[in-house]
Amino acid sequence: PLPFSWTDPEANNHKKVTIKRDKAIKVELPWNVKYWCREHNTVFLNEHGFLSFTKDQGKYTRKNLAKPLANTMAVFWDNWRVDNDVAGLWWKVQGKEGSRRFYATWNNVVHKKREGQNPNHRVSFQIVLHEEDDSVEYRYKNTKTSVRGVSRGRSATIGVAGSSDAEVWSFKEKVPAQFAVLYKQYDVTPDNKEPVAH
């Protein structure tokens, strides 16, 4: 785990996107992100808490990453909804060439079971891609809701998936708030594809 930090998307002028139900938005990146032996310059974001590098995978399905959704980062994958003005999916690229960062934030999203209800049922989490070393941060500001079987990640999946393999770090397990994880890839070649999470 990392010391927790949070970049407020609204205060830092991130772009709030309009997203359709079960659809993803495509974002062009200004650098090639290295991920599981491949390079990508686009990402697809959806309201369900995961990022895909190669495909619009916006529809929610109850699958463990052990049956991988290819080239995906499951930040806090569950049946979240961006249902009103309180909730939002935000993104931005910040920094200078060589040390740029891509932020995507699911802010005050609500589970399908409580769609349209009060902020006590809402969660906020964030992913940061680092150009300098291809590391990735998963950040969890608030994971607690009053939804039985959902609060603190009890119905969520967290992990990473390549084209044919996946690493699941958490599947329907408790995830604390004010928590962060660092994911680093090292010695990534076609013969050595093992990533590592800290």
Side-chain angles (χ1 to χ4, degrees), residues 1-12 14-25 43-52 57-67 69 72-92 102-129 136-161 166-183 197:
L2 292 174
F4 175 75
S5 63
W6 181 259
T7 301
D8 186 281
E10 190 167 7
N12 287 276
H14 291 196
K15 181 179 180 180
K16 187 177 184 180
V17 300
T18 300
I19 193 161
K20 296 180 180 179
R21 184 61 39 82
D22 289 333
K23 294 292 183 180
I25 64 156
V43 294
F44 294 88
L45 302 173
N46 64 71
E47 63 184 345
H48 301 308
F50 69 88
L51 173 157
S52 172
Q57 300 184 114
K59 189 172 183 180
Y60 177 74
T61 55
R62 291 192 62 86
K63 292 181 180 178
N64 188 331
L65 279 177
K67 297 179 179 179
L69 291 173
T72 293
M73 290 185 169
V75 188
F76 204 43
W77 181 26
D78 208 333
N79 204 356
W80 306 117
R81 297 290 173 86
V82 179
D83 65 326
N84 59 26
D85 291 340
V86 174
L89 176 56
W90 306 69
W91 73 270
K92 189 174 184 179
F102 171 79
Y103 294 86
T105 305
W106 291 259
N107 205 42
N108 290 319
V109 295
V110 68
H111 197 269
K112 179 183 177 181
K113 293 180 179 179
R114 292 291 186 272
E115 188 172 358
Q117 298 188 20
N118 67 61
N120 291 332
H121 295 109
R122 298 178 181 274
V123 302
S124 296
F125 51 95
Q126 188 171 72
I127 184 172
V128 187
L129 309 181
V136 182
E137 291 180 66
Y138 288 6
R139 299 173 173 179
Y140 304 91
K141 182 180 180 182
N142 177 37
T143 61
K144 184 178 180 180
T145 78
S146 56
V147 183
R148 185 183 298 273
V150 171
S151 187
R152 299 192 186 280
R154 290 184 175 89
S155 65
T157 302
I158 298 172
V160 292
E167 288 197 0
V168 179
W169 305 332
S170 175
F171 180 60
K172 298 184 178 181
E173 298 176 3
K174 185 176 179 179
V175 178
Q178 307 288 297
F179 179 74
V181 174
L182 176 67
Y183 166 68

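Just so we're clear, the structure is a prediction, and the values are computed from it rather than from any experiment.
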Side chain to side chain contact (heavy atoms under 4.5 Å, CB included) evaluation trace for K92 with N12: CA-CA 9 Å; K92 189 174 184 179; N12 287 276; 5.6 Å; no

Determine the sole option in F4, F179, W169 for which the ring-ring contact (aromatic ring centres under 6.0 Å, His included) test with Y138 is passed. W169

Do H121 and T145 have side-chain atoms, one donor and one acceptor, less than 3.5 Å apart? no

CA sep, side-chain torsions, deciding dist, call: E173, R154, side chain to side chain contact (heavy atoms under 4.5 Å, CB included): CA-CA 5 Å; E173 298 176 3; R154 290 184 175 89; over 6 Å; no

Identify the residue among N107, D8, T105 that makes a side chain to side chain donor-acceptor pair (under 3.5 Å) with Q126. T105

Taken to the nearest 0.5 Å, the spacing of K144 NZ from R152 CZ works out to 5.5 Å

Looking only at heavy atoms, what is the nearest atom pair of W90 and H14, with distance? CE3-O, 3.3 Å

Can you find a heavy atom in the side chain of T7 that is under 4.5 Å from one in the side chain of V128? no

Say whether, by atom type as modelled, one donor and one acceptor occur between the side chain of S52 and the main chain of T72 under 3.5 angstrom. no

Closest approach of V168 to T157 (non-hydrogen atoms, all atoms of both residues): CG1-CG2, 4.3 Å

Centroid-to-centroid, W80 to H111, below 6.0 Å? yes

A180 and P3 have their tightest heavy-atom pair at CB-O, 4.3 Å

Quick check: does any side chain N or O of W106 sit under 3.5 Å from a backbone N or O of N46, one acting as donor and the other as acceptor? yes

Pairing donors with acceptors under 3.5 angstrom, does anything connect the side chains of S146 and R114? no

With the threshold set at 4.0 Å, does a side-chain nitrogen-carboxylate oxygen contact exist between K16 and D85? no

Can you measure from CZ (R81) to CZ (R122) and round to the nearest 0.5 angstrom? 12.5 Å

Report the distance from atom OG of S170 to atom CZ of F76, rounding to the nearest 0.5 Å. 8.0 Å

Please assess V123 against F125 for the test side chain to side chain contact (heavy atoms under 4.5 Å, CB included), listing each intermediate value before the final yes or no. CA-CA 7 Å; V123 302; F125 51 95; 3.9 Å; yes

What I'd like to find out is whether the side chain of L51 reaches to under 4.5 Å of the side chain of F102, using heavy atoms alone. yes

Distance col, row I158:CD1 vs W77:CH2, nearest 0.5 angstrom, shows 12.5 Å

Report the distance from atom OH of Y140 to atom CH2 of W6, rounding to the nearest 0.5 Å. 10.5 Å

Got a second to check how far S151's OG is from K174's NZ, nearest 0.5 Å? 9.0 Å

Does atom CD (Q178) have a neighbourhood of more than 12 heavy atoms from anything else shown, all under 6.0 Å? yes

Is there a side-chain contact between V109 and E47 in this structure, where contact means two heavy atoms from C-beta onward sitting under 4.5 Å apart? no

